[in-house]
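Each remark here refers to the structure printed beneath this line.
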Amino acid sequence: MSANQNADHYYIPGPSPWPVIGMLSLLTTLLGTALMINGVTVGSYVVVAGLLLFGYLLFGWFSDVVRENLSDCYNHQVDTSFRLGMIWFIASEVFFFLAFFGALFYIRNIALPWLGGDGYLGMSNEILHQEFSPAWPSQGPGAVGGEYRAMGPWGIPAINTFILLSSGATVTWAHWGLKLNKQSHLIWGLTSTIVLGLLFVALQAYEYSHAYSELNLTLGTGVYGSTFYMLTGFHGFHVTMGTIMLMAILGRSLKGHFSPHNHFAFEAVAWYWHFVDVVWLGLFIFVYWM
Amino acid sequence: MSTYAAEHHDDHKPTGWRRWVYSTNHKDIGTMYLLFALTMMFFGGASAMLIRAELFQPGIQLLHPDLYNNLVTNHALIMIFGAVMPAAAGLANWMIPLMIGAPDMALPRMNNLSFWILPAAAVMLGLSFVVPFFPGGGSQINTGWTLYPPLSIQVGMSMDFLIFAIHLLGISSVLASINIIVTLLNMRAPGMTLMKMPMFCWTWLVTAFLLILVVPVLAGGVTMLLFDRHFGTSFFDAAGGGDPVLFQHLFWFFGHPEVYVLLLPSIGVLAHVIPTFSRKPLFGYRSMVGAMLAVATIGMVVWAHHQYTIGMSLGAVTYFMVGTIIISIPVGLMIFNFIATMWRGAMTFETPMLFAVAIILMFTFGGLSGVMLAVVPADMQYHDSMFVVAHFHYVLMPGAVFGLFAGVFYWLPKWTGHMYDEKLAKIFFWTNVIGFNITFFPQHFLGLAGMPRRIVDYNVMFTEFNMVSSIGAMIFGLSHLLLLYIVIKTIRGGKKAEAKVWEGAHGLEWHLDSPPAFHTWTTPPAAIELTDTYEKP
Amino acid sequence: MHFFVLGLGRWVVICIALFGANIACADYGINFPQPASGSAQDIYDIHMLTMRVATGLLLIVFAFVFYSLYFHRKSRGYKADQKFHDTWFGHWSWLIVPALVLGVDLTIANNANVVLQKVWVVPDDKNLLDVKVTGHQWWWEFDYLDHGVKVESRYVPKAESGDLYLREVDNRLVLPTNRKIRFLHTSADVLHAFWVPELAVKKDAIPGYVTETWAEINREGVFRGQCAELCGTWHSRMPIVVEAVSEEKFLAWIDDKNAAKVAAAAEASADKTWSKEELIAKGESFYNTKCAACHQVSGIGLPPAFPALKGSAVVLGPLADHLDVVIKGRPGTAMMAWGGSLNDLEIAAIITYERNAWGNDTGDVVQPADVKQQR
Ligand code: HEA
Ligand code: HEA
Ligand code: CUA
Ligand SMILES: [Cu+2]
């Protein structure tokens, strides 16, 4: 079966069990989480079951896709669909982050000044929180979370910025290797990206434990702690996912799945990685620095 | 065609339960979406009937206050996320590939995932309702669909089920929207430019954009709520420097565009129904597209008109007021285009057209009360009163639900191959429209006279109009049983429908058999078929 | 087709008649109640204006649609004009229609803006009366900041309020006429909204924040409103009753309140030792007005937000902890600190009652002196 034969037909896959398995894994995971956070003990087992099912699903679904791709089912139009799909998926992720950045903006520029006696709702200060002055970082008039120290930008965060930016470069370098059909160039590019990704996650984990144990900066440290951990945590989760995706891509590269002209999966992951990179820059500026 | 079929994993229509559960066929998935929506409408409607029964007279007769407000919450969420959006997605699934000459949706497996997440969300929502009835299950969700903290932080564990249900619904909508955008951008028959695309496709393109941009924000908002509830964060707690109003901003940044998500697909249906039964091309195709883009853009930046009473500055309310009022321009242009399409047409009044006319009249009414609400000083009085309830049912029922009814009647012969029973359908239309008006018209008066919304018990001075409204609601509710009967009857048999069901219809979908083959447009439509449109830019 | 035209026609007639009626009569029960302040009058006028504009536009739309429905029907032999969109009108309507609508929009916005400028911002005034309005689950607290008077206002059960049920309270919000009043809204627990239609005042009460509105009442009378933001189980039971009286009567009322407060304080601090029966009797009545909204008359609460007191570990446990919870509240929960608004006698009575009612047989008796010591 040659590629040409498929070129004018859009590939429509046959019946597939993966979507419902996907649904079941999501349902199990979320159900388990809901039970777990309300102190029902079986919850955690349900979560684990859900996550295992999810892993199985990812593996199975993508195996199908890879198989179809390798047997030349996908023509140019299908490839375009995948690309557009990925672009709009990333767009939705951008707006997910926007919710959290928006919250940070609102808290810092609108809510806290009110509590501090500024502007239209300034009476809040006079009547309810007389001693409160709203300098950022803030844990609010209730001093929620107790004594703490804030996280500065020039230690680990700066190193992490450097790491992520370099990883953006290495993944691009790997892409060149792929386009020039240089296998070792590609493998090394990907491997170093993954190593940098892991390093980032490790440093982030270290930073968290440092913050918890020495700075007393926790999720409960007023709104500063809330926004800090929500934004960096959500981003860290994305880096972790990205790294896992890169590993899958590395595996496929080692098997020689990609050719200079057909490597959408690689590009999708690279886009995702760049997106995660850009978000980090936003974090570095707005969460750590300013 | 035969070479294509031969390459397939399956040459024939799959059979048994696998056909549905494992489906990758846009028609089957569309059918599932529609049936799911119909089922959910009965759940949402049943809660509405209980609400109206409780409000029939003053006093607390049937429902404990928490149960009442839990039903209000479920009613709204089920109707919006369970009935209207899935029904619109069902129409999209069925019709978009047929209309643009594509063999299927662009990403068929993901399509099935988008659908199957919905039942999962329904299970979570169901659990959130059921759990409080068990010992240790905590209190009921008495917050209304807006889930404002701090009240939503007081609620017991069922709130977590609801939050996760919303996450699931969000995932489903985003995946479905991605699929629709990709299909529309990438799968159109050769020669069909964007500006030749049928209007229903355009409305869905814009809707899908809106969904991708706003649903993640809602997901972010409820995630913060979850963290405030369980992990000690202070996003919505002033003591820690947060603000309960922040949640409202996040909710309505999603919520206002959402109402256009509900509206636009129905507008798309009208843009097909009205030309067909006026036997005349759609008036102002370009301005329609422009208006829609304007609605979407302005709609993204006026959300705070739901929050006039939270204490915004003069500048902020002025901005939100003017922005909101301005939306009447593009929406008015759409309504105008519809009337101009009817104007000097040769109209006949089959059921879809009856619904279309009713929508023009009643949606305009609802939209105009929307403009009244947009006026800040006056909204000091209207806000959170039954007047608002009247407004949004006037835009939601005609604007969204009746449009979907019109679409269902318009395309039902195409889907099933049978004509529906026109006489019964007309009876349904009249009981429906009259019942609707009896139900919701009096609520304007209640609101003006000072009855707040979301109250289980009211003072005797509000009795009369509430009684009228409740009686109307029973008529209205029962009329939907007729709809169910008509749909079932049409599926099971009836006069054979031709390929071109309606005399005045144009478009690719009418060049296929009724019902169409399992796989359609496996070879793209011919140039001659493509010229058969009612969109004349 | 007759069926169609006739049916729809009838519907329209009903509709217009109703809407017309709406405009014609400003009767209580169909439209806003008669305004009792200048701002409320302005707001009433802008409401009538937009409603008339809306009705006018609706009639125009109806007129075109019905004309077309009647004349442009296939059954009348009308032939569709396939070139209608190719006329000059078809080419330019995309501009004409928006321009016309913009004109109407700007008219509405402009008029609205004039009113908005007048009513939105609290005017500067030396003689401003500050009333802090605090929403609680499920009652209102009115605090006359300049006079040191506090009023707690709760709904009155049906047996006593009759036809005014859910619109009647035990203690009214007494306000002077012809004087600018600034309301400072806040909340002790969840969102509420203070709404009195006659004054056209509605503002959300947000815990931790203070929002403002104002009114200058121009006639004496009793004005009734309700809480307008969903605040949980008994959201329907938070009426607001404003009693507007002349300035003199208002000041006299303030003096009365202050005198009553002094007397109550004297009684409470008179280091008298009360008998258990006296305390329980007083405690029951205090409890039923102050505490029962959440913890219920039978002490079973509304778990989990409002725990039961019957058999509660706190109530049956050490007295000091019990006093502490009542006086200082429980931060982060709906339990407020009562130390500020209840005097020693009241707290002593309530605690004695709680520790002896509903089968909580601790037998403890708490005296005002004990409370004083614990504060
Ligand atoms: C399909 C859903 C839908 C649609 C289309 C709309 C459309 C509009 N809505 Fe509505 N709205 C809701 C659903 C919808 N709404 C819901 C669900 C709520 C309550 C949510 C909750 O609190 O639970 C709500 C609440 C709501 C509020 C908040 C009220 C309050 O809580 O105090 C406001 C305030 O501005 C508002 C305004 C508008 C406006 C200006 C439009 C405009 O888009 C309308 C535009 C249309 C027209 C104007 C008619 C046609 C135009 C002409 C004939 C041209 C001439 C017109 C003029 C010159 C004015 N809506
Ligand atoms: C698309 C959205 C949608 C739809 C279709 C509806 C449809 C209906 N709504 Fe809903 N409604 C909302 C969205 C919607 N609503 C929202 C967003 C709110 C705000 C919630 C909040 O405050 O948080 C709300 C709130 C709301 C209230 C206010 C409650 C309150 O504030 O106290 C009321 C009260 O009358 C009401 C009534 C109805 C009725 C009678 C219908 C009818 O149209 C329903 C008709 C349909 C059926 C009845 C189903 C089919 C038939 C059967 C089930 C057969 C059996 C019938 C009988 C036994 C008679 N709705
Ligand atoms: Cu207080 Cu509603
Ligand atoms: Cu809105």
Side-chain angles (χ1 to χ4, degrees), chain B residues 65-66 138-139 142 144 148 150-151 154 156 238-239 244-245 279-280 283-284 287 309-311 314 321-322 325-326 328-329 332-333 336 339 342-349 360-361 364-365 368 372 375-378 380-381 383-384 430 441 445 448-450 452 454-460, chain C residues 4 7 18 29-32 43 46-47 50-51 54 57-58 61 64-65 68 72-74 78-82 84-85 94 97-98 101-102 105 108-109 112 115-116 119-121 163 165-167 190-191 193 197 200 202-204 206-209 211 226 228-230 232-233 235-236 304-305:
Chain B
D66 284 339
S139 63
N142 55 1
Y148 284 175
L151 188 57
Q154 282 184 354
V245 170
R279 294 169 180 74
K280 194 164 150 291
F283 186 93
S287 65
T309 55
I310 58 167
L314 181 60
M321 170 172 81
V322 176
I325 295 179
I326 291 293
S328 63
I329 297 177
L333 191 56
F336 166 80
I339 299 177
M342 291 159 59
W343 196 256
R344 300 216 213 153
M347 277 187 271
T348 52
F349 299 99
I360 295 182
L361 300 177
T364 303
F365 183 92
L368 289 166
M372 292 172 69
V375 172
V376 181
M380 292 295 100
Q381 294 283 48
H383 178 68
D384 265 334
W430 284 110
F441 202 81
F445 304 140
L448 295 180
R454 296 165 167 173
I455 54 174
V456 61
D457 188 5
Y458 52 84
N459 180 265
V460 283
Chain C
F4 171 69
L18 274 169
I30 285 197
N31 204 341
F32 293 160
I43 287 173
I46 186 81
H47 153 70
T50 49
M51 187 152 75
L57 291 167
L58 192 68
V61 170
F64 278 100
V65 170
S68 181
H72 306 146
R73 268 182 299 145
K74 195 178 174 211
Y78 197 89
K79 291 269 180 310
D81 175 1
Q82 299 297 347
F84 183 59
H85 54 275
W94 67 273
V97 174
V101 177
L102 180 65
D105 280 355
I108 296 177
V115 177
L116 192 58
V119 305
W120 195 255
V121 179
D163 272 2
Y165 178 58
L166 300 177
R167 307 278 284 178
V190 300
L191 302 174
K202 184 185 284 139
K203 205 58 133 190
D204 288 2
I206 303 164
Y209 288 81
T211 50
Q226 288 180 247
E229 180 65 62
L230 183 50
T233 314
H235 165 53
S236 57

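If you're wondering where the values come from, they're calculated on a predicted model, not measured in any experiment. Note on naming: letters A, B, ... go to the chains in the order of the sequence lines (proteins, then strands), and numbering restarts at 1 for each one. Scope of the values below: all heavy atoms of this structure, side chains included, with no hydrogens, waters or symmetry mates.
- Residue contact with chain B, scored on non-hydrogen atoms closer than 4.5 Å, involves the backbone and the side chain of C/Lys203 alike.
- Top candidate by heavy-atom pairs under 4.5 Å with chain C, chosen from B/Val456, B/Ile326, B/Asp384, is B/Asp384.
- Contact tally against chain B (heavy-atom pairs below 4.5 Å) for C/Leu166, C/Asp105, C/Ile206: the top residue is C/Asp105.
- Side-chain atoms of B/Lys280 come within 3.5 Å of backbone N or O of B/Trp343 as a donor-acceptor pair.
- Options B/Ile339, B/Val376, B/Leu314 differ in how many heavy-atom pairs under 4.5 Å they form with chain C, and the most are formed by B/Leu314.
- When C/Val61, C/Ile108, C/Leu116 are compared by the number of non-hydrogen pairs under 4.5 Å with chain B, C/Leu116 comes out ahead.
- Checked against a 6.0 Å centroid threshold, the rings of B/Phe336 and C/Phe64 do not count as neighbours.
- Across B/Met342 and C/Ser68, no two heavy atoms sit closer than the pair O-OG, 3.5 Å.
- Of the residues considered (C/Gly208, C/Ala193, C/Gly232), C/Gly232 shows the highest number of contacts with chain B, using heavy-atom pairs under 4.5 Å.
- Nearest heavy-atom pair across B/Pro377 and C/Ile43 is O-CG2, 3.5 Å.
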Trace of the side-chain hydrogen bond (donor to acceptor under 3.5 Å, both in side chains) decision for C/His72 with C/Asp81: CA-CA 10 Å; C/His72 306 146; C/Asp81 175 1; over 6 Å; no
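- Between C/His85 and B/Phe283, the distance separating the two ring centers is not shorter than 6.0 angstrom.
- Taking B/Ala378, B/Gly345, B/Pro244 one by one and counting their heavy-atom pairs under 4.5 Å with chain C, the maximum is reached by B/Gly345.
- Most heavy-atom pairs under 4.5 Å with chain B: of the set C/Ile46, C/Val121, C/Val97, this distinction falls to C/Val97.
- Chosen from C/Leu191, C/Val115, C/Val119, C/Thr211, the residue pairing most often with chain B at heavy-atom distances under 4.5 Å is C/Leu191.
- Interface summary for chain C: among B/Ala346, B/Ala239, B/Gly144, the most heavy-atom pairs under 4.5 angstrom belong to B/Ala346.
- With chain C as partner, the option from B/Asn459, B/Val460, B/Val375 having the largest number of non-hydrogen pairs under 4.5 angstrom is B/Asn459.
- Here the shortest heavy-atom pairing between B/Met372 and C/Met51 reads CE-CB, 3.6 Å.
- Across B/Ile360, B/Val322, B/Thr364, B/Asp457, the residue that shares the most heavy-atom pairs under 4.5 angstrom with chain C is B/Asp457.
- A distance-only check finds a donor-acceptor pair linking the side chain of C/Gln82 to the backbone of B/Arg279 [under 3.5 Å].
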